[in-house]
Amino acid sequence: MQSYTEDEIVVQLRDPARQREAFAKVVSLYGEKLYWHIRKMVLDHEDANDLLQNTFLKAWTNIELFRGEAKLSTWLYKIAINECITFLNKQRNMNNVSIDDADTFLLERLKGDEYFDGDEIQVRLQNAILTLPEKQRLVFNMKYNEEMKYEEMSEILGTSVGALKASYHHAVKKIEEFLTKEV
């Protein structure tokens with residue numbers, strides 16, 4: 001399998017004759033990473049798949065708006081995050097949950113997800129993560145699960161590195177408190 005650099009793909013995306021082929025490379029290159037990023041936010045496999053499709057659909061229909069000022073991966077992550085936030089807000093409305101409350105409805109869906117094979121420790125960790133405010137949850141998942149650098153997170157989220165570090169620190173403290181309190 002031949003690998004392509006992001007820069008090569010961006011050049012091909014700008015060529016109408018190669019755009020479809022180049023976008024297929026985008027899906028192949030970023031599909032799995034984006035899926036897991038989305039899955040960490042919404043927890044459910046089916047929802048993550050739907051949101052991944054929405055992300056790529058939105059990227060394809062707006063490909064001419066991508067100016068190359070940021071990395072292609074950064075642009076895709078922004079789209080995915082916006083899709084997740086929109087989805088989560090709709091879910092909160094349907095479940096009559098305030099934005100300030102823990103998204104425990106997601107945990108119930110996770111437990112019922114046939115694709116979830118985690119043990120009780122995984123469920124407790126997810127429960128702890130769900131008690132975080134949305135921004136802290138996002139930062140925690142990007143840093144802890146995806147091992148993303150603060151600089152890259154800063155580009156995606158439009159937040160300073162210092163604020164992201166503080167957010168991550170607070171998230172870790174809250175998770176530690178939650179997990180030790182429950183034992």
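FYI, side chains are in, hydrogens and waters are out, and symmetry mates aren't considered; it's all heavy atoms of this structure.
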Taking Gln19 for its side chain and Leu13 for its backbone only, find out whether a donor-acceptor pair lies under 3.5 Å.
yes

For Leu51 and Asn54: C-alpha separation, side-chain torsions, deciding distance, then whether side-chain contact (heavy atoms from CB on, under 4.5 Å) applies.
CA-CA 5 Å; Leu51 290 168; Asn54 291 352; 4.1 Å; yes

Main-chain N/O of Asp47 paired to Asp44 side chain as donor or acceptor, under 3.5 Å
yes

Give a yes or no on whether the backbone of Leu57 and the side-chain of Thr61 come within a donor-acceptor separation of less than 3.5 Å.
yes

Working note: Ile38 + Glu83, criterion side-chain contact (heavy atoms from CB on, under 4.5 Å); need CA distance, chi angles, decisive distance, verdict.
CA-CA 9 Å; Ile38 293 167; Glu83 288 296 308; over 6 Å; no

Can you check side-chain contact (heavy atoms from CB on, under 4.5 Å) on Ile156 and Met148, steps first, answer last?
CA-CA 11 Å; Ile156 293 168; Met148 201 176 277; 3.8 Å; yes

Do the side-chain N and O atoms of Tyr150 and Glu155 include a donor-acceptor pair separated by under 3.5 angstrom?
no

Output field: ring centroids Tyr35/His45 closer than 6.0 Å
yes

Ignoring hydrogens and geometry, is there a side-chain-to-backbone donor-acceptor pair from Glu21 to Arg18 under 3.5 Å?
no

Indicate the ring-plane relationship of Trp75 and Phe66, choosing parallel, tilted or perpendicular according to the 30° and 60° boundaries.
tilted

Ignoring hydrogens and angles, tell me if any N or O in the side chain of Glu6 forms a donor-acceptor pair with the backbone of Leu72 under 3.5 Å.
yes

Between Ser154 and Val161, the two heavy atoms sitting closest are CB-CG2, 4.0 Å

Near Glu32 CD, under 6.0 Å, is it more than 12 heavy atoms from other residues, nucleotides or ligands?
no

Between Glu146, His37, Lys71, Lys33, which is the residue that forms a side chain to side chain donor-acceptor pair (under 3.5 Å) with Tyr77?
Glu146

Flag if over 12 foreign heavy atoms under 6.0 Å of NZ, Lys25:
yes

Would you tell me whether Lys165 and Ser160 have side-chain atoms, one donor and one acceptor, within less than 3.5 Å of each other?
no

Using the rule that two of Ile, Leu, Val, Met, Phe, Trp, Tyr join whenever any of their side-chain heavy atoms come within less than 4.5 Å, decide whether Phe23 and Val11 are in one cluster.
no

For the pair Ser28 (side chain) and Ala24 (backbone), establish whether a donor and an acceptor sit closer than 3.5 Å, ignoring hydrogens and angles.
no

Hydrophobic cluster membership, with links at side-chain heavy-atom distances under 4.5 Å among I/L/V/M/F/W/Y: are Ile129 and Leu179 in one?
yes

Heavy-atom pair with the smallest gap, counting every atom of Phe140 and Tyr168:
CD1-CE1, 3.6 Å

Dump the intermediate steps for side-chain contact (heavy atoms from CB on, under 4.5 Å) on Asn62 and Leu65, then the final yes or no.
CA-CA 5 Å; Asn62 292 294; Leu65 299 176; 3.4 Å; yes

